[in-house]
**Student:** 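Input: one structure, supplied below.
Chain letters run A, B, ... following the sequence lines, proteins first, then strands; residues in each count from 1. Below, each value reflects all heavy atoms present in this structure, side chains not excepted, and no hydrogens, waters or symmetry copies. Fair warning: this is a prediction, and the values are worked out from it, not measured in the lab.
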Protein chains: 2
Amino acid sequence: MEHRPRATLRDVAAMAGVSIKTASRVVNGEDGVRPLKTEAVLRAVRQLDYRPNLSASTLRRNGGRTAAIGMVLEDLANPFSGALLRAVEDEANRRQVLIIAGSADERQDRERTLVRAFSERRVDGLIIAPVGEDQSHLRAETEAGTPLVFVDREPQGLLADCVLSGNESGAADAIHHLAAVGHRRIAYLGDLRAIPTARERFAGFQRASLELTLPWTPAHHIHDLHTAAAADDATVRLLRSADPPTALFTSQNLVTLGAITALQRLGLQSTIALVGFDDIPTADLLRPAVTVIAQDPPRMGRVAADLLFTRLDGFIGPPRRTVLPTTTIPRGSGELPPPLSPS
Amino acid sequence: MEHRPRATLRDVAAMAGVSIKTASRVVNGEDGVRPLKTEAVLRAVRQLDYRPNLSASTLRRNGGRTAAIGMVLEDLANPFSGALLRAVEDEANRRQVLIIAGSADERQDRERTLVRAFSERRVDGLIIAPVGEDQSHLRAETEAGTPLVFVDREPQGLLADCVLSGNESGAADAIHHLAAVGHRRIAYLGDLRAIPTARERFAGFQRASLELTLPWTPAHHIHDLHTAAAADDATVRLLRSADPPTALFTSQNLVTLGAITALQRLGLQSTIALVGFDDIPTADLLRPAVTVIAQDPPRMGRVAADLLFTRLDGFIGPPRRTVLPTTTIPRGSGELPPPLSPS
DNA sequence: GCTCGTTTTGACAACCTTGTCAGGCAGTCT
DNA sequence: AGACTGCCTGACAAGGTTGTCAAAACGAGC
């Protein structure tokens with residue numbers, strides 16, 4: 001179980017009978033080394049299973065790149081973050097860049113800690129789904145020349161490249177979609193108002209309600225649902241209330257699931273219409289199948305990677321802002337008509 | 001848009017009017033520095049927003065840790081990998097360790113490339129869901145003293161700590177479960193046989209079939225389904241054949257989804273029984289709800305992290321092997337009786 | 001064999017830190 | 001006063017690598 005320390009360039013050079021520098025040249029594929037010595041060095045590399053120490057290398061190389069980027073996401077276990085991570089990985093992979101990722105869990109302190117840790121490791125760039133009100137602490141990174149890209153949520157207090165989904169317009173689409181079938185009493189069930197995307201989706205709901213002159217019923221606006229269980233409860237309360245809605249707009253994945261659970265329990269899944277924001281994997285298999293406003297996380301990841309890598313390739317210019325369109329996918333639940341259509 | 005290079009300890013020391021070493025002492029919280037100088041250094045640190053260069057630090061520190069571990073997973077976008085990653089992250093977080101992760105996509109060359117990249121960055125440890133037949137190339141890592149933990153799949157050609165699910169027994173449970181309801185013609189729908197877990201699950205299916213003296217019908221054993229679409233097709237073919245099964249055992253997530261899609265299209269979802277390996281998020285909401293053999297990915301991640309970190313804490317001992325039990329969750333689809341119970 | 005130009009080679013410093021160790025400085029004890 | 005103690009401090013080397021530059025080796029041409 002005893003292990004020898006890793007071979008260094010010095011060991012390789014010694015075994016090959018050349019100077020360290022020559023060994024370095026061979027390892028880095030520089031030319032101007034006689035074939036005989038090249039051979040000897042390569043033999044030694046194989047024999048010792050030499051692995052260059054990238055830390056030492058970047059340390060010495062002038063302003064060396066670490067070939068690693070950091071990603072701060074909401075939660076690596078959730079499918080949205082996973083898809084983003086994966087899409088960025090594919091892009092990074094092409095450039096031999098690795099990804100260090102962490103979950104912020106909606107906590108500002110986690111975001112800061114992660115960014116600091118990445119920064120101490122001198123990552124070449126950062127992709128961040130920001131938490132909270134203020135990203136100005138990241139100014140230090142940009143000033144040090146580390147490019148920064150925000151995903152999913154717009155940064156506050158700092159200008160930088162970002163990619164967003166059309167949350168506001170997607171939510172408005174959902175309401176228009178329901179209204180087109182005849183609904184006028186549409187409830188909003190949403191995530192924590194601390195989350196910018198949740199606020200934007202509510203704003204879209206509001207705008208559409210106004211455009212359509214739907215009745216304004218604050219009791220039908222339920223916020224701060226962060227788990228499926230909470231959404232389930234809220235849905236039950238809503239539908240048992242004196243003035244129940246005829247349709248639901250659920251502004252997030254887990255909320256949608258909670259609402260469906262409640263509807264099924266109450267036996268109302270084919271009575272109350274539902275449109276959810278964010279696709280769910282088995283939406284097609286449910287009865288009725290679930291109508292959603294879909295985002296495109298892989299595309300968001302690709303765009304983010306693109307924004308970052310163009311900066312790393314030297315692009316200098318003002319911050320760029322990309323808004324990705326959402327797609328309405330009618331599957332059934334959003335096309336259920338209201339009980340009696342008052343023409 | 002011009003940026004100044006990052007401040008180094010030299011800059012801090014200069015600004016504080018002390019030697020580099022003294023600045024280092026303050027930054028590292030060593031004692032034996034007069035309060036007056038400590039103050040001055042801290043002021044300089046704040047003013048310059050100094051970030052220690054962890055690479056340089058680990059390089060110098062005796063056998064320094066990088067406080068990073070590498071994870072090679074199947075696909076960062078799939079929920080199983082995501083859950084593993086997240087569970088390990090939580091454990092790592094407690095120790096201020098970061099995670100560098102990559103997807104191998106069932107490709108041996110990707111696995112090797114990732115491990116090499118991790119190794120050049122001198123990660124403190126590796127957690128790997130291995131691909132293919134041979135992990136002996138990883139011997140170099142263990143010999144260099146980098147602890148290695150395998151997850152989900154047993155390593156080949158190398159002894160090391162590992163955590164597995166009880167694939168064989170879980171699959172056998174599924175068959176016993178179906179047989180208990182009266183099924184004797186149970187089809188197997190499985191993933192690529194190149195994947196060890198798929199083989200184990202088939203082995204469990206075989207063992208249970210033997211124990212129960214079920215009829216041996218090779219036409220009911222369908223392998224190498226790696227996508228939902230493939231599973232869908234296979235299910236349709238199976239059920240339209242001359243001798244259709246009365247129940248299906250689907251050995252993986254996507255296969256389960258494909259089979260359900262097919263059953264629904266054929267209108268057989270309440271006729272043909274189904275047990276799937278691996279839980280699916282909305283299993284509860286489907287009609288019938290889906291009976292599954294559930295794994296526990298977060299627990300697997302926790303155990304893997306544990307195995308790794310005890311090694312990093314100095315534990316020396318023979319490789320440990322943990323097999324996590326699976327749980328049968330009856331929800332409906334697995335309790336459908338066969339059309340006519342012979343007996 | 002000698003000179004010259006070119007190619008190969010290696011010594012050394014540097015990247016940013018930290019471990020080692022000796023020197024400086026106060027205050028104490030004979 | 002002189003020797004000694006203990007605490008602070010900084011010079012220097014080292015960790016593994018690469019940039020710089022001068023020295024060495026080579027080949028060609030006379």
**Student:** List for me each residue that meets side-chain contact (heavy atoms from CB on, under 4.5 Å) alongside B:Ser136, sequence neighbours excluded, and say none if there are none.
**Tutor:**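 Once residues adjacent in sequence are excluded, the partners of B:Ser136 under the side-chain contact (heavy atoms from CB on, under 4.5 Å) criterion are B:Asp134, B:Arg139.
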
**Student:** In whole angstrom, what separates B:Leu9's CG from D:dG10's C1'?
**Tutor:** 13 Å

**Student:** With B:Arg10, which residues qualify under salt bridge (Lys or Arg N to Asp or Glu O under 4.0 Å), at least two apart?
**Tutor:** none

**Student:** May I ask you to list the residues of residues 46-60 of chain B, by number, that have any heavy atom positioned under 4.0 Å from an atom of DNA chain D?
**Tutor:**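 Hits under 4.0 Å, by residue number: B:Ala56, B:Leu59, B:Arg60.
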
**Student:** Excluding sequence neighbours, so at least two apart, what forms side-chain contact (heavy atoms from CB on, under 4.5 Å) with B:Asp105?
**Tutor:** A:Arg86, B:Asp75, B:Ser103

**Student:** Using atom CD1 of A:Ile20 as one end and atom P of D:dT18 as the other, report the distance to the nearest whole Å.
**Tutor:** 11 Å

**Student:** Could you give me the CA-CA distance, side-chain angles and deciding distance for A:Arg51 and B:Ser119, then say whether side-chain hydrogen bond (donor to acceptor under 3.5 Å, both in side chains) is met?
**Tutor:** CA-CA 7 Å; A:Arg51 309 288 172 96; B:Ser119 146; 2.9 Å; yes

**Student:** Are any non-hydrogen side-chain atoms of B:Asn53 and A:Glu120 less than 4.5 angstrom apart?
**Tutor:**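 Not in contact.
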
**Student:** Does A:Asn78 reach the main-chain N or O of A:Phe80 with its side chain, forming a donor-acceptor pair under 3.5 Å?
**Tutor:** yes

**Student:** Holding to salt bridge (Lys or Arg N to Asp or Glu O under 4.0 Å), I want the full list of residues that pass it with B:Arg94, two or more places apart in sequence or in another chain.
**Tutor:**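 For B:Arg94 the salt bridge (Lys or Arg N to Asp or Glu O under 4.0 Å) partners, ignoring immediate neighbours, are B:Glu91.
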
**Student:** For the helix from C:dG1-D:dC30 to C:dT30-D:dA1, measure the angle between the helix axis at one end and the axis at the other, each built from five pairs, rounding to 10°.
**Tutor:**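 That helix gives 70° between its end axes.
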
**Student:** Separation of B:Lys21 atom NZ from D:dT9 atom C1', in whole Å?
**Tutor:**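 Going from B:Lys21 (NZ) to D:dT9 (C1'), I get 11 Å.
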
**Student:** Are A:Ser165 and A:Gln295 close enough that a side-chain donor and a side-chain acceptor fall under 3.5 Å?
**Tutor:** yes

**Student:** Please report the distance, rounded to the nearest Å, between CG in A:Asp11 and C1' in D:dG15.
**Tutor:** 13 Å

**Student:** Anything under 4.0 Å to a heavy atom of chain A counts; send over the first and last such nucleotide of DNA chain C, read 5' to 3'.
**Tutor:** C:dT8 to C:dC16

**Student:** Return the set of residues passing side-chain contact (heavy atoms from CB on, under 4.5 Å) with A:Arg321 (not counting sequence neighbours), or none when no residue passes.
**Tutor:** A:Glu154, A:Cys162, A:Leu164, A:Val323

**Student:** With the threshold set at under 4.0 Å for non-hydrogen atoms, list the residues of residues 24-44 of chain A touching DNA chain D in residue-number order.
**Tutor:** A:Ser24, A:Asn28, A:Arg34

**Student:** For residues 12-19 of chain B, which side-chain donor-acceptor pairs fall under 3.5 Å, sequence neighbours excluded?
**Tutor:**
from	atom 1	to	atom 2	distance (Å)
B:Ser19	OG	B:Lys21	N	3.4
B:Ser19	OG	B:Thr22	N	3.2
B:Ser19	OG	B:Thr22	OG1	3.2

**Student:** Going by side-chain contact (heavy atoms from CB on, under 4.5 Å), name the residues that satisfy it together with A:Pro79, two or more places apart in sequence or in a different chain.
**Tutor:**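 A:Pro79 satisfies side-chain contact (heavy atoms from CB on, under 4.5 Å) with no residue once adjacent residues are dropped.
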
**Student:** Quick one: salt bridge (Lys or Arg N to Asp or Glu O under 4.0 Å) pairs with a partner in residues 296-306 of chain B, sequence neighbours left out?
**Tutor:** none

